[in-house]
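Notes follow the structure.
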Amino acid sequence: MAKSPEVKLAVFGRAGVGKSALVVRFLTRRFIWEYDPTLESTYRHQANIDDEVVTMDILDTAGQEDIQQKEGHVRWGDGFVIVYDITDRGSFEEVAPLRNLLEEVKKPKNVPLVLVGNKSDLDHVRQVGTEEGERLAAEMACAFYECSACANEGGTVAEAFHELCREVRRR
Ligand code: GDP
Ligand code: MG
């Protein structure tokens with residue numbers, strides 16, 4: 001039997017966008033309200049994706065790293081989740097520079113990536129429109145998900161991680 005594939009996924013985005021909440025939601029199907037914001041963790045997780053067992057190593061970055069640390073994370077990863085917070089325009093504006101860093105460090109490869117707009121439950125204080133996220137994802141030629149680590153309607157969080165695995169496996 002073929003060895004089950006392993007993919008290394010890193011989660012990027014400004015501190016406070018909900019990276020840890022999303023990762024914990026994906027792994028445990030639970031929402032944890034407070035999570036040490038300075039903590040960086042890796043998790044190992046297996047999932048059945050398209051009838052194949054895939055082992056994921058997931059790096060939940062803190063989002064406060066200096067450039068050397070960030071580059072190290074980019075070199076480590078095979079695929080990337082870039083997260084912004086729909087209620088924080090500044091976090092959306094940090095997406096393009098992060099994408100540029102991926103392209104810079106990984107060139108000449110085009111980098112497997114998904115874009116996630118988190119905290120969709122907070123629609124009443126939204127600062128970034130859904131169509132803006134869609135447009136940015138189209139520019140970056142990647143999949144886009146708006147989701148909520150706390151509500152997670154329709155299992156969108158898992159869908160984003162699974163799609164990223166597929167994207168990595170396609171390369
Ligand atoms: P990180 O710094 O990107 O890892 O962000 P955290 O996962 O620590 O989350 C930062 C804050 O946002 C915490 O207070 C979370 O409870 C909150 N949060 C995370 N995801 C969501 C979400 O989907 N909806 C809402 N309303 N709050 C969230
Ligand atoms: Mg965190």
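Both counts, for ligands and for their atoms, begin at 1 and track the order of listing.
In this structure, E40 contributes its side chain and A62 its backbone to no donor-acceptor pair below 3.5 Å. Under a 3.5 Å cut-off, the side chain of R99 and the backbone N or O of I82 do not form any donor-acceptor pair. The closest donor-acceptor contact from the side chain of K119 to the backbone of A149 lies at 3.5 Å or more, if one exists at all. Looking at R89, its side chain does come within 3.5 Å of a backbone N or O of Q127 through a donor-acceptor pair. Under the 3.5 Å distance criterion, the side-chain polar atoms of D78 are matched with a main-chain donor or acceptor of K8.
In terms of N/O distances under 3.5 Å, ligand 1 is not approached by C147. Geometrically, ligand 1 and D60 share no nitrogen or oxygen pair separated by less than 3.5 Å. Note: no N/O pair closer than 3.5 Å links A62 and ligand 1 by distance alone. Polar contact check, G16 against ligand 1: a nitrogen or oxygen pair lies under 3.5 Å apart. Polar contact check, A21 against ligand 1: a nitrogen or oxygen pair lies under 3.5 Å apart.
Within 6.0 Å of CD on E131 lie more than 12 heavy atoms contributed by other residues, nucleotides or ligands.
Heavy-atom contacts of L122 reach the following atoms of ligand 1: 26 (N) (cutoff under 4.0 Å). For ligand 1, the atoms lying closer than 4.0 Å to a non-hydrogen atom of S148 are 23 (O).
The proximity of N118 to ligand 1, defined as any non-hydrogen pair under 4.0 Å, is limited to the side chain. Under 4.0 angstrom from ligand 1, the non-hydrogen atoms of V17 come from both its backbone and its side chain.
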